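The next block holds one structure in the form of C-alpha cells; read it before the comments.
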Amino acid sequence: MFGHRLVADDPIGVVPTKSECLVGVWSEVSDRVDIAEERHIHGPRLRRAVPSAPMRWSQLFVPTLRDAPNDAVAPSHQLLVRGGFMRQLHAGHYSMLPLGWKVHQKVAQIVREEIDALGGQECLLPTMHPAAIWKESGRWDTMGEIMFRLTDRKGAENALSITHEEIFATVASELSSYKQLPQIWYQIQTKFRDEARPKSGLLRVREFHMKDSYSFDVDAAGLDVAFERHDVAYRRIFERLGVPSIAVQASSGAMGGDSSVEFMTPSDAGEDDVVLCPDCGYSANIEKATSALPSIDDGAAGELEMFDTPGVRTIKALAEFDGGAAADHQLKTLVMILDGTVTLVVVRGDHQLNTQKLADVTGAIDIRPAETEETVAALGAHPGSLGAVNVTDHPIVADLALQGRVNMTTGANIDDKHHRGVSVERDLTVGQWADLREVSAGEACVNCGTALTIVRCIEIGHIFKLGTKYSEAFGVNVSNADGKVVPVQMGSYGIGIGRNMAAAVEANHDDKGILWPMSIAPFHVVITLMRVDDDMLAAGQTIYDELRAAGIDVLLDDRDARAGVKFADSELIGIPLRITLGPRGLKEGNAEYTERASGDTSDVPLSDVAAKAIEHVRAALAS
RNA sequence: CGGGUUGUGGCGCAGCUUGGCAGCGCGCCUCGUUCGGGACGAGGAGGUCGGGAGUUCAAAUCUCCCCAACCCGACCA
C-alpha cells in the first residue's frame, strides 16, 4: 500500500534510494529499484554530466495518438499533437507537455547561444506594462486590437507585452556616453498578441515565447553593424534548427523604422507570399516586392470623352464591351477608408492593390474598403462606374505604373457611364504617387528581367532598423565623441521560439512522423527493448549509462508493449537514432542501429554500439 | 469582423432526416494466450450528447438564444 503511494505521488527523480526504504516495500515496485540503484551507483557522476532524471519511456508522459485530432490541418500541428508534444487549451494557446517543452528549450538554447555569441546580454523584462509607456511612444493607440489590455484594481490601464521596444528604451535611457556603446540586450520571454485568427497549431498563436533583442549604437554605421551581425546570427540559428531560410526585403509595419529583413521558410502552411528571382536572387515579401513592367504604347493623348456603358460593372465586362478597353488600358478606382478619410486609390485595371503597401506609403493605421453606401455618398455612383477624373474633394493615391499613361478608360461616377481618353496626370488630381500594386508571378525582375516566382512561406524571423524613433520618444541620448548629445540608433530583432519549432517540423517530417534534426530532437537516441526482461533491461541499461555519461540525451523504451507500437511511436516522435535490442541479436552479441531519417539499419556489436551512437550524435551536433 | 464547417467517453466517428434504453473502432483496467512493425480472447471502467431556455408523456434528435473550435477571407509584427 505504502509502496504504491510512493509511485503515485513521487515524481521521477525524487525517488528515495534503496537504503532509505523499508525492505519489502520495494519488492512491489521493482522497476523503481532499478532507478534507485542506478542513481545510487551513478548518481554523483550523472548529476554533474546531465542534471535531468533518468528517462524511461514507461515513466514519461508522452500521450501519443494514433489519429490526428480532426481540427489539425498543418503537418506540424498534427504531428506535435499526435506525438504528445503539446495540447491545445483554447484557440492560440497551447500547453507544452514534457516532450514539447524539451524541444522548445533546445530551440531557445540555440538562439541564446548565437545571440550570446554576437555579444548579446540576456535580460528579463516584465510582460505586463503600464499604459503610460505605450502612450509615450504613441503605440497605445496605433497598436489597435492586437494588444491585450487590462485594468487593475485601481482602475489603471495595463498592456500585456506584444513587443518590448518601449520597455528596453526606458532601460536604455540610463545610457549616457558613446563609450558605453554598442549594447545588445535581449530576452526570451512570453509575448501576447490578440490575433484575429490564431491558426495552424504553433504557427500563429496568441501566447508564445519570443527571443527579442535590441541594439543601441551611437550612429547609423554602428546600427548597420548590429543589424549585419544579427543577420549572420539568424542564418546560423536557422541552419542549426534545420529550417531552410530565405532573407527577404520586408515591410516594417507597426514597428516603424527605415528598413527590415524577414527570414522566411517555404511551406504551404505559411501565410506570407515571397517574390523570388531564380536568377539574380532578388527576394522580397509581396508586401514590398516590385517588378518591371513592359512599356505600353498609348498613342497620342486624346480628348476626355464620356460614353454609355449600360450594365458594364467590371473590368472584364468593360474589356469585352464594344468601344471599351483592354484591362491594362483601364483605371481601377478603389474607394478606401483610411483612418476615417475617404480616399481614392487608383491602379491599372489588371493590377491588384496590396493594402500593406498602401498602409506603408500613407501611414494609415486603419484601412478598409468603403461600404457601398459610403461610396455612393462620396462619388455619386455605384461600384462598377467609379473613377477619379476631376475628383478634388477626396485625396487620390495612384500607382506608379500609371505615370504618363494616356488614353485610359475609367468609370465616370455616373452609373452606366465611363470616360475614355483619360490622361492620368492631366485629368486626375493625384496627391500621392506610390508603388501600390501587388506583383504577380511571371512578371520581370527589376534587377535582371527574369520571370519572378512566388513562394508561400512562414515568417521565422524579422529584423528591423528602427533608427531613432524610440530613442527620441524616450530620451535615449548619449554624448558622442564630439561632445554632442545625440539620440541612440536602435534596432530590434525577433525570433518566435514555438513557431520555429513548428517550422522545423514542417521542414522535416515524413508519413511516419517527425524527423527532428539532432540539434533539437527531444532525445538523440532511443534504446528500444523488444522484450522487457532482466537480460534485456541489463543490456539496455549498460548502453544507456554509457550514452548518459557522454552527455547524450537518451530514452530507454522499457514499456511492456509490442514491437510495432514501440517502433511506430519512436518514429512518430522523431528520435534520430534507434538502438534496438532483441532476443535474436542479443544472442549473437549485436544491437540493431537505425537512423530515423533514412531508415538505414545495421547490426552493431553490443560493445561498440554506444560509441557509434556517441560519435554520430557529436558529429551531427558539430555540423 | 464577413463566409463556411463542426461540437456525442482520451482520440477518430455513427446515431439526428422520421423524438422512444447513448452506440462503434482505437486507447484504458483485469485475467489468459501471445510477442521483431500499431496482436487475440474473455471480462470491465469511462459520456451533464458544447451551454441555457422552450415544445413534448418523452429531446443527442425538434425550436430559439448563447458559447467554443476549425477552415477560407479580411487583418496582422
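A quick note: this is a predicted structure, and the numbers were derived from the prediction, not measured. Within every chain, numbering begins at 1; the chains are lettered A, B, ... in the order of the sequence lines, protein sequences first and strands thereafter.
- Base engagement by A568(A) is indicated by at least one non-hydrogen atom pair under 4.0 Å involving a base atom.
- Both distances falling under 3.5 Å, in either a Watson-Crick or a G-U wobble arrangement, occur for no nucleotide opposite U55(B).
- Heavy atoms of S200(A) sit under 4.0 angstrom from primed sugar atoms or phosphate atoms, though from no base atom.
- Using a 4.0 Å heavy-atom cutoff across all strands shown, V73(A) reaches sugar-phosphate atoms only and no base atom.
- The separation of G25(B) from U8(B), taken at their C1' atoms, amounts to 15 Å, rounded to a whole angstrom.
- Residue R87(A) has no polar side-chain atom (N or O) positioned under 4.0 Å from OP1 or OP2 of G10(B).
- Pairing for G27(B) is absent, judged as Watson-Crick or G-U wobble with the two contacts each under 3.5 Å.
- Between the side chains of T64(A) and D569(A), a donor-acceptor pair is found at a separation under 3.5 Å.
- Remark: the separation of the P atoms in G46(B) and G9(B) is 15 Å, to the nearest Å.
- For the OP1/OP2 pair of C70(B) and a distance below 4.0 Å, the side-chain nitrogens and oxygens of N70(A) include no atom meeting the criterion.
- With rounding to whole Å, D560(A) atom CG is found 14 Å from U33(B) atom C1'.
- Looking at E571(A), its side chain has no donor and acceptor atom pair within 3.5 Å of the base of G38(B).
- When each of D194(A) and D67(A) is assigned the nucleotide of RNA chain B bearing its nearest heavy atom, the one mapping closer to the 5' terminus is D67(A).
- A gap of 29 Å separates the C1' atoms of G20(B) and C67(B), to the nearest Å.
- With rounding to the nearest 0.5 Å, the separation of CD in E459(A) from CG in N500(A) is 10.5 Å.
- Looking at the side chain of T355(A), the nearest of the listed nucleotides A74(B), G37(B), C75(B) is C75(B).
- Geometrically, R149(A) engages W140(A) in a cation-pi contact, judged by NZ or CZ lying under 6.0 Å from the ring centre and within 45° of the ring axis.
- Counting distance only, with no hydrogens placed and no angle test, the side-chain atoms of R578(A) and the base atoms of G37(B) include a donor-acceptor pair under 3.5 Å.
- Using a 4.0 Å heavy-atom cutoff across all strands shown, A68(A) reaches sugar-phosphate atoms only and no base atom.
- With a 3.5 Å ceiling on both atom-pair distances, the Watson-Crick or G-U wobble partner of A69(B) is U5(B).
- Summary of the strand contacts: I146(A) and D71(A) both lie near RNA chain B, and taking for each the nucleotide with the nearest heavy atom, the more 5' one is attributed to D71(A).
- Listed pair R66(A) / G12(B) fails the phosphate criterion, with no side-chain N or O lying under 4.0 Å from OP1 or OP2.
- Partner assigned to C35(B) is none, using Watson-Crick or G-U wobble distances below 3.5 angstrom.
- The side chain of R562(A) sits closest to A39(B) out of A39(B), G37(B), C71(B).
- Of the nucleotides present, none pairs with A60(B) by Watson-Crick or G-U wobble criteria with both distances under 3.5 Å.
- For the OP1/OP2 pair of C70(B) and a distance below 4.0 Å, the side-chain nitrogens and oxygens of Q88(A) include at least one atom meeting the criterion.
- A donor-acceptor contact under 3.5 Å links the side chain of R204(A) to the base of C76(B).
- Within 4.0 Å (heavy atoms only), E592(A) reaches at least one base atom of the nucleic acid.
- Surrounding CG of D534(A) are at most 12 heavy atoms belonging to other residues, nucleotides or ligands under 6.0 Å away.
- Distance from the side chain of L65(A) is smallest for C11(B) among the nucleotides C11(B), C35(B), G36(B).
- For the C1' atoms, the distance linking A14(B) with U61(B) amounts to 13 Å, nearest Å.
- Look at R139(A) and E165(A) and you find a salt bridge, because one of the NZ, NE, NH1 or NH2 atoms lies within 4.0 Å of a carboxylate O, short of that distance.
- Contact annotation for K199(A): backbone-only contact, meaning every heavy-atom pair under 4.0 Å involves sugar-phosphate atoms and none involves a base.
- Closest to the F567(A) side chain, of the nucleotides G37(B), G73(B), G38(B), is G37(B).
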